[in-house]
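Inspection log for the structure reproduced underneath, given as structure tokens.
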Amino acid sequence: MRVRLENVHVAYSGSRKPAIRNVTLRFDRGIYAIVGPNGAGKTTLLETILGLLKPLEGEAYLLGVNTKSRRIFEVRRRCSYVPQDFMKPPTESLTAMDVIKLGLIFKEEGFERAMELAKELRARDLLEKPFGKLSGGQQQKIIIIRALARNLEVLLMDEPFSSLDAESKRTLCDILGDFRDKLVIVVSHDEAVEEVADGVVRMEGGEIVDIS
Ligand SMILES: Nc1ncnc2c1ncn2[C@@H]1O[C@H](COP(=O)(O)OP(=O)(O)O)[C@@H](O)[C@H]1O
Ligand SMILES: [Mg+2]
């Protein structure tokens, strides 16, 4: 199992109420959508999977490694994470292409994949532009292209399509379909994601209320 959570509770410091409770999940390969209202615990769940947050009770394993172990740093490198709030105010004039290249581990292979993805997503003309001058949706596209081009074993994305137009969402969901031999976990309310997903996990008030 690439991701295994056993009866996990997570609370933020200073808060008595756990942000997620009693969560047991096993994911090996395929595409999974996490859905639920604001505050349901979706972001907390992704960060717990990555070991950025540690369980107060229960155990979480990523690629076979307990997230409380020091080896979590090694296995986290085999994962891509697109956080909900990646868009920091631009401080540099990096081009979109620079931003993509910075995230690539296998440079040449990744670069070719990034170019193909940019073509499919009609983002080729964005690549030479300063990243900071792109619109929110265009930045989101670049960050997703980078995450997909990394082509790692585990891909976690937190509401990655929130600023994208309908056509880009559909194209991306089609592309996600090619990642079924990996593990892809997407927090999203988009129907297109639910359609391509092998499973949908619904959260409410920190708990899993439905898996379908
Ligand atoms: N940094 C934080 N400090 C304290 N409480 C937090 C923090 N982040 C989230 N929470 C709380 O944890 C719960 C789950 O939040 P979150 O995982 O962000 O939900 P979602 O991503 O589903 O909107 C909420 O009640 C939220 O207020
Ligand atoms: Mg969230």
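Just so it is clear, the values below take in all heavy atoms, side chains as well, and ignore hydrogens, waters and symmetry mates. Residue indices begin at 1 and follow the sequence shown. Each ligand, and each atom within it, is numbered from 1 in the order the structure gives.
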**Request:** Please report which non-hydrogen protein atom sits nearest to atom 19 (O) of ligand 1, along with the residue it belongs to and the distance in Å to one decimal place.
**Result:** Gly41 N, 3.2 Å
**Asked** What is the nearest protein non-hydrogen atom to atom 17 (O) of ligand 1, stated with its residue, atom name and distance?
**Response** Thr44 OG1, 2.5 Å
**Message:** For Arg122, is there an ion pair with Glu167 - N to carboxylate O distance below 4.0 angstrom?
**Reply:** yes
**Asked** Regarding Asp174 and Thr171, is there a side-chain donor-to-acceptor distance under 3.5 Å anywhere?
**Response** no
**Request:** Check each atom of ligand 1 against the heavy atoms of Asn38 and keep those under 4.0 Å away; list them by number with element.
**Result:** 23 (O)
**Message:** If you measure every N or O of Lys42 against every N or O of ligand 1, does any of those distances drop under 3.5 Å?
**Reply:** yes
**Asked** In the protein, what heavy atom is nearest to atom 12 (O) of ligand 1, and what distance, to one decimal place, separates them?
**Response** Ala19 CB, 3.3 Å
**Prompt:** Is the closest side-chain donor-acceptor distance between Asp98 and Thr95 under 3.5 Å?
**Reply:** yes
**Asked** Considering only protein heavy atoms, which is closest to atom 8 (N) of ligand 1, and at what distance to one decimal place?
**Response** Tyr12 CZ, 3.3 Å
**Asked** Where do Met97 and Ile142 land on the side-chain contact (heavy atoms from CB on, under 4.5 Å) test, with the steps shown first?
**Response** CA-CA 8 Å; Met97 182 53 93; Ile142 296 298; over 6 Å; no
**Request:** Before signing off on this row, confirm whether Gly39 and ligand 1 have an N or O atom pair separated by under 3.5 Å.
**Result:** yes
**Message:** Heavy-atom distances under 4.0 Å decide this one: backbone, side chain, both or neither, for Ser15 against ligand 1?
**Reply:** neither
**Message:** Is Pro37 close enough to touch ligand 1? Criterion: a residue heavy atom under 4.0 Å from a ligand atom.
**Reply:** yes
**Message:** Does either side chain, that of Glu47 or that of Tyr81, offer a donor lying less than 3.5 Å from an acceptor on the other one?
**Reply:** yes
**Prompt:** How about Thr44: does one of its N, O or S atoms come closer than 2.8 Å to the Mg ion (ligand 2)?
**Reply:** no
**Asked** Can an N, O or S atom be found in Gln84 less than 2.8 Å away from the Mg ion (ligand 2)?
**Response** yes
**Message:** Checking contacts now, so for atom 27 (O) of ligand 1, which I'm interested in, is there any protein heavy atom under 4.0 Å?
**Reply:** no
**Request:** Say whether Thr43, considering both its backbone and side-chain N or O atoms, lies within less than 3.5 Å of an N or O atom on ligand 1.
**Result:** yes
